[in-house]
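Below is one structure, written out as structure tokens, with a few remarks after it.
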Amino acid sequence: METIEREDGGRKMDVSGSVPPAKEGEPAAAPADPLAYEGVWRFTVPAVEESVPQARRAVRDLLGRQGVPADRDLVYSLLLIVSELVTNSVRHAALLSPEVAVEVAIGREWVRVAVEDNHPYRPKALEADFGQTGGRGLLLVREVTRESGGVCDVEHTSTGGKVIWAALPLVAPAPRTTVV
């Protein structure tokens, strides 16, 4: 089973769609039928500024069309992440990547958005100077993802480019309580 785990060792999300292995001494669980909203969708857009709102609308429409049980805050977070990631690809990778791929994967308990381009540089979330008007997109993506209880990462693709993704839970994690 492939999982994504938060850096702090917190909640894990199954991103494979498979059934977790049974505990020792218990029978294996039967695979659950996929829910109507589960699946993976991928589309490409040209690496131009006009593609940012187009990608955002496409993701919003997909979530609505599939009936994903996402609250308003989750949808807003996902759309903000898509906007930032597509903007970064348009601004920084267009020379080597005339198209940008956007993928939305929806499972029972999570939504994963990913943006892929053909530029090999793996950006890092930098703390930018507050006097600067840009340069904090990945920092924003990382913080929105963390606050939503999700995870994000940057990976190389087999073709030498990169994919930046964020997976957010459909149900917010319960607040941690301290027992005294």
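Everything numeric here is computed off the predicted structure, so don't read it as measured data. The first residue of the sequence shown is numbered 1, and numbering continues consecutively from there.
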Are the side chains of [Y] and [X] in contact, using a 4.5 Å heavy-atom criterion?
X      : Y      : answer
Ser83  : Arg56  : yes
Ile81  : Leu168 : yes
Val90  : Asn88  : no
Cys152 : Ile164 : no

Nearest heavy-atom neighbours spanning Ser51 and Pro46: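 Of all heavy-atom pairs spanning Ser51 and Pro46, the closest is OG-O, 2.5 Å.
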Heavy-atom pair with the smallest gap, counting every atom of Leu170 and Gly107: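 That closest heavy-atom pairing would be CD1-O, 3.6 Å.
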State plainly whether one hydrophobic cluster holds both [X] and [Y], where clusters connect Ile, Leu, Val, Met, Phe, Trp and Tyr through side-chain heavy atoms under 4.5 angstrom apart.
X      : Y      : answer
Val82  : Val40  : no
Phe43  : Leu79  : yes
Leu85  : Val48  : no
Leu140 : Val75  : yes
Val163 : Val151 : no

Side-chain donor-acceptor contact under 3.5 Å, Asp117 with Ser89: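 Indeed, the side chains of Asp117 and Ser89 share at least one donor-acceptor pair under 3.5 Å.
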Chi angles and distances behind the side chain to side chain contact (heavy atoms under 4.5 Å, CB included) call for Val59, Val102: CA-CA 9 Å; Val59 171; Val102 178; 4.2 Å; yes
Distance from [X] atom [atom1] to [Y] atom [atom2], nearest 0.5 Å?
X      : Y      : atom1 : atom2 : value
Leu74  : Leu63  : CG    : CG    : 7.5 Å
Ser148 : Glu143 : OG    : CD    : 10.5 Å
Leu80  : Asp73  : CG    : CG    : 12.0 Å
Leu138 : Glu84  : CG    : CD    : 8.0 Å

Qualifying residues under side chain to side chain donor-acceptor pair (under 3.5 Å), relative to Glu155, sequence neighbours excluded: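 Side chain to side chain donor-acceptor pair (under 3.5 Å) check on Glu155 returns Trp165.
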Can you tell me if [X] uses its side chain to pair, donor with acceptor, with the backbone of [Y] under 3.5 Å?
X      : Y      : answer
Tyr37  : Arg108 : yes
Lys162 : Thr157 : no
Ser97  : Glu99  : yes

Glu147/Val144 under side chain to side chain contact (heavy atoms under 4.5 Å, CB included): CA gap, chis, key distance, verdict: CA-CA 5 Å; Glu147 287 178 11; Val144 166; 5.7 Å; no
Over 12 foreign heavy atoms within 6.0 Å of OH, Tyr76: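 12 or below, so no.
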Salt bridge (charged side-chain N to carboxylate O under 4.0 Å, His left out) involving Glu49 - partner list, sequence neighbours excluded: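 Partners of Glu49 by the salt bridge (charged side-chain N to carboxylate O under 4.0 Å, His left out) criterion, ordered by chain and then number, come out as Arg91.
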With Arg42 via salt bridge (charged side-chain N to carboxylate O under 4.0 Å, His left out) - residues at least two apart: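 Testing Arg42 for salt bridge (charged side-chain N to carboxylate O under 4.0 Å, His left out), a comparison that skips the adjacent residues, returns Glu103, Glu116.
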Passing candidate, side-chain contact (heavy atoms from CB on, under 4.5 Å) with Val113, options Leu78, Val86, Val141: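 The single option meeting the side-chain contact (heavy atoms from CB on, under 4.5 Å) with Val113 is Leu78.
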Test side chain to side chain contact (heavy atoms under 4.5 Å, CB included) applied to Thr44 and Val100, step by step: CA-CA 5 Å; Thr44 58; Val100 176; over 6 Å; no
